Asks: 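Below you'll find the structure I mean.
As the structure is a computational prediction, the values presented were derived from the model and not from experiment.
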Amino acid sequence: MANAASGMAVHDDCKLKFQELKSKRSYRFIVFKIEEQQVVVEKLGDPSSSYEDFMASFPANECRYAVYDFNFTTNENCQKSKIFFVAWSPDTSKVRMKMVYASSKDRFKRELDGIQVDMQATDPSEMSLDLVKARAI
């Protein structure tokens, strides 16, 4: 396990589902997890999913990556959307898990072309809807 970052595979499905979210708006969000040395899709949120549904998708004691397609209205009253990348690493998760997710994050993010905002969260308050809105505008 000398080089965890380069040894982590990314399942093709991750990139495929991300492209569907980005280009076709097929999903509101995607939650990814690391399983057996590769990043896999854990959960897909359909386009009608709320931000609360997204927040409820994160386990309390395990790390995850996620992308969220956030729609908002600018101060000029324009409809826009931004794709957020969230690295969820709760304080209660195991140290080894946090290290694996932290060392693999940048490589995984590079596989997903089109991320506009990057967020790191250790508890739900660090990715509240108010914070997301503030980062989007």
Side-chain angles (χ1 to χ4, degrees):
M1 193 81 190
N3 193 346
S6 62
M8 190 63 61
V10 176
H11 195 279
D12 290 340
D13 209 30
C14 295
K15 292 181 259 189
L16 183 72
K17 298 295 183 205
F18 179 75
Q19 285 302 323
E20 290 174 7
L21 176 142
K22 188 172 89 169
S23 59
K24 299 179 190 157
R25 303 279 188 241
S26 302
Y27 313 104
R28 173 67 56 208
F29 65 85
I30 307 170
V31 178
F32 305 95
K33 72 177 186 175
I34 295 175
E35 197 172 72
E36 297 174 14
Q37 294 300 304
Q38 73 171 343
V39 181
V40 296
V41 172
E42 180 179 51
K43 182 173 183 179
L44 298 167
D46 63 60
S48 63
S49 295
S50 68
Y51 195 73
E52 288 73 30
D53 297 332
F54 174 63
M55 295 288 286
S57 302
F58 293 96
N61 301 322
E62 292 181 20
C63 301
R64 292 291 185 273
Y65 301 128
V67 289
Y68 185 82
D69 185 11
F70 181 65
N71 295 322
F72 62 98
T73 306
T74 65
N75 296 337
E76 295 79 38
N77 213 21
C78 294
Q79 288 293 321
K80 289 200 167 190
S81 81
K82 284 194 177 175
I83 298 175
F84 279 71
F85 178 88
V86 177
W88 172 247
S89 184
D91 292 331
T92 52
S93 59
K94 292 183 172 80
V95 172
R96 178 167 166 66
M97 180 183 277
K98 286 193 236 186
M99 288 171 56
V100 168
Y101 273 79
S103 66
S104 306
K105 178 185 140 189
D106 288 337
R107 181 179 181 276
F108 177 58
K109 228 172 60 180
R110 280 195 299 272
E111 299 281 341
L112 307 178
D113 184 39
I115 290 169
Q116 293 151 307
V117 182
D118 186 1
M119 293 182 83
Q120 176 81 32
T122 57
D123 75 72
S125 69
E126 293 177 357
M127 55 181 186
S128 69
L129 189 55
D130 290 340
L131 279 174
V132 170
K133 285 178 183 169
R135 295 283 301 271
I137 297 173

Asks: Start with the C-alpha distance between Tyr51 and Arg28, add both sets of side-chain angles, then the distance that settles side chain to side chain contact (heavy atoms under 4.5 Å, CB included), and finish with yes or no.
Replies: CA-CA 9 Å; Tyr51 195 73; Arg28 173 67 56 208; over 6 Å; no

Asks: Hey, are the side chains of Ile34 and Tyr101 touching, using non-hydrogen atoms and a 4.5 Å cut-off?
Replies: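 When only atoms from C-beta onward are counted, Tyr101 and Ile34 do touch, with a gap below 4.5 Å.
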
Asks: Mind listing the closest non-hydrogen atom pair of Asp118 and Arg135 along with its distance?
Replies: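 In terms of heavy atoms, the two residues are closest at O-NH2, 2.8 Å.
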
Asks: Looking at every non-hydrogen atom in both residues, tell me the closest pair between Glu42 and Lys33 and how far apart they are.
Replies: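 Taking Glu42 first and Lys33 second, the nearest heavy atoms are OE2-CD, 3.4 Å.
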
Asks: Give a yes or no answer on whether the side chain of Lys98 reaches the backbone of Asp91 with a donor-acceptor pair at less than 3.5 Å.
Replies: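 Yes, because the side chain of Lys98 sits within donor-acceptor range (under 3.5 Å) of the backbone of Asp91.
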
Asks: Determine the interplanar angle of the Phe108 and Phe85 rings, folded into 0 to 90°, and report it as parallel if under 30°, tilted if 30 to 60°, perpendicular if over 60°.
Replies: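 Correct class here is tilted.
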
Asks: Working to the nearest 0.5 Å, report the span between CD1 of Ile83 and CG of Leu21.
Replies: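 Taking CD1 in Ile83 and CG in Leu21, the distance rounds to 5.5 Å.
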
Asks: Is the Phe70 ring parallel, tilted or perpendicular to the Tyr68 ring (thresholds 30°, 60°)?
Replies: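 Judged by the thresholds at 30° and 60°, the geometry between Phe70 and Tyr68 is tilted.
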
Asks: Which distance, rounded to the nearest 0.5 Å, do you find between the OG of Ser48 and the CG of Asp53?
Replies: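 Separation between the atoms: 8.0 Å.
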
Asks: Heavy atoms, side chains only, cut-off 4.5 Å: are Arg25 and Asp69 in contact?
Replies: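 Answer yes - side chains close enough.
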
Asks: Applying side-chain hydrogen bond (donor to acceptor under 3.5 Å, both in side chains) to Ser57 and Arg64, what does each step give before you reach the verdict?
Replies: CA-CA 10 Å; Ser57 302; Arg64 292 291 185 273; over 6 Å; no

Asks: Quick one: does any side-chain atom of Thr92 pair with a main-chain N or O of Ala60 as donor and acceptor, under 3.5 Å?
Replies: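 Confirmed, Thr92 side chain pairs with Ala60 backbone.
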
Asks: How about CG on Asp113, more than 12 heavy atoms from neighbouring residues, nucleotides or ligands closer than 6.0 Å, or not?
Replies: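 Result for CG/Asp113: open.
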
Asks: Of all the heavy-atom pairs spanning Thr73 and Asn77, show the shortest one and how long it is.
Replies: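 For Thr73 and Asn77, the tightest heavy-atom pair comes out as CG2-OD1, 3.3 Å.
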
Asks: So how far is it from Asp13 CG to Leu44 CG, rounded to the nearest 0.5 Å?
Replies: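 Asp13 CG to Leu44 CG: 7.5 Å, rounded to 0.5 Å.
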
Asks: Are the side chains of Val31 and Trp88 in contact, using a 4.5 Å heavy-atom criterion?
Replies: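 Result no, sub-4.5 Å side-chain heavy-atom pair not found.
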
Asks: Looking at every heavy atom in both Glu126 and Gln120, which two are closest together, and how far apart are they?
Replies: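 Result for this residue pair: OE1-O, 3.9 Å.
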
Asks: Should Phe54 and Leu129 be regarded as members of a common hydrophobic cluster, given that ILVMFWY residues are connected when their side-chain heavy atoms come within less than 4.5 Å of each other, either directly or indirectly?
Replies: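 Yes; Leu129 is reachable from Phe54 via cluster members.
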
Asks: Kindly work out whether a path of hydrophobic side-chain contacts (I/L/V/M/F/W/Y, heavy atoms less than 4.5 Å apart) joins Phe29 to Phe72.
Replies: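 Yes, because Phe29 and Phe72 connect within a single hydrophobic cluster, where side-chain heavy atoms sit under 4.5 Å apart.
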
Asks: When you compare the side chain of Asp106 with that of Arg110, does any pair of heavy atoms fall below 4.5 Å?
Replies: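 Sidechains of Asp106 and Arg110: in contact.
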
Asks: With clusters defined by side-chain heavy atoms of hydrophobic residues (ILVMFWY) lying less than 4.5 Å apart, directly or transitively, does Val86 cluster with Val117?
Replies: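 Per the 4.5 Å side-chain linkage, Val117 and Val86 are co-clustered.
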
Asks: Just how far is it from atom OG of Ser81 to atom CD of Gln116, taken to the nearest 0.5 Å?
Replies: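 Interatomic distance, Ser81 OG to Gln116 CD, rounded to 0.5 Å: 6.5 Å.
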
Asks: Would you kindly confirm whether Met99 and Met97 end up in one hydrophobic cluster when ILVMFWY residues are joined by side chain heavy atoms under 4.5 Å apart?
Replies: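 Per the 4.5 Å side-chain linkage, Met99 and Met97 are not co-clustered.
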
Asks: Rounded at 0.5 Å granularity, tell me how far NZ in Lys15 sits from CD in Glu111.
Replies: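 Here the rounded value is 4.0 Å.
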
Asks: Kindly indicate, with the supporting measurements, whether the criterion side chain to side chain contact (heavy atoms under 4.5 Å, CB included) is fulfilled by Leu112 and Phe32.
Replies: CA-CA 12 Å; Leu112 307 178; Phe32 305 95; 4.3 Å; yes

Asks: Considering only heavy atoms from C-beta outward, does the side chain of Val67 approach that of Lys22 to under 4.5 Å?
Replies: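 No. Closest side-chain heavy atoms not under 4.5 Å.
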
Asks: Taking all heavy atoms of Leu131 and all of Met119, pick out the closest pair and write down the distance.
Replies: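 Heavy atoms of Leu131 and Met119 come nearest at CB-CE, 4.4 Å.
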
Asks: With sequence neighbours excluded, tell me which residues meet ring-ring contact (aromatic ring centres under 6.0 Å, His included) with Phe18.
Replies: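 Checked Phe18 against ring-ring contact (aromatic ring centres under 6.0 Å, His included); zero matches.
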
Asks: Could you tell me whether the side chains of Ser128 and Asp130 share a donor-acceptor contact shorter than 3.5 Å?
Replies: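 Side-chain D/A pair, Ser128 to Asp130: absent.
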
Asks: Heavy atoms only: give me the nearest Pro90-Ser93 pair and the separation to one decimal.
Replies: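 The answer is O-OG, 2.7 Å.
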
Asks: When you compare the side chain of Arg107 with that of Val10, does any pair of heavy atoms fall below 4.5 Å?
Replies: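 Counting from C-beta outward, Val10 and Arg107 do come under 4.5 Å.
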
Asks: Lys109 and Tyr65: side chain to side chain contact (heavy atoms under 4.5 Å, CB included), yes or no, with the steps?
Replies: CA-CA 9 Å; Lys109 228 172 60 180; Tyr65 301 128; over 6 Å; no

Asks: Is Met127 close to Phe84 at the side-chain level, that is, under 4.5 Å between some pair of heavy atoms?
Replies: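 Of all side-chain heavy-atom pairs linking Met127 with Phe84, none is under 4.5 Å.
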
Asks: How many angstroms lie between atom OG of Ser104 and atom CD of Gln38, to the nearest 0.5 angstrom?
Replies: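 The OG atom of Ser104 sits 12.0 Å away from the CD atom of Gln38.
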
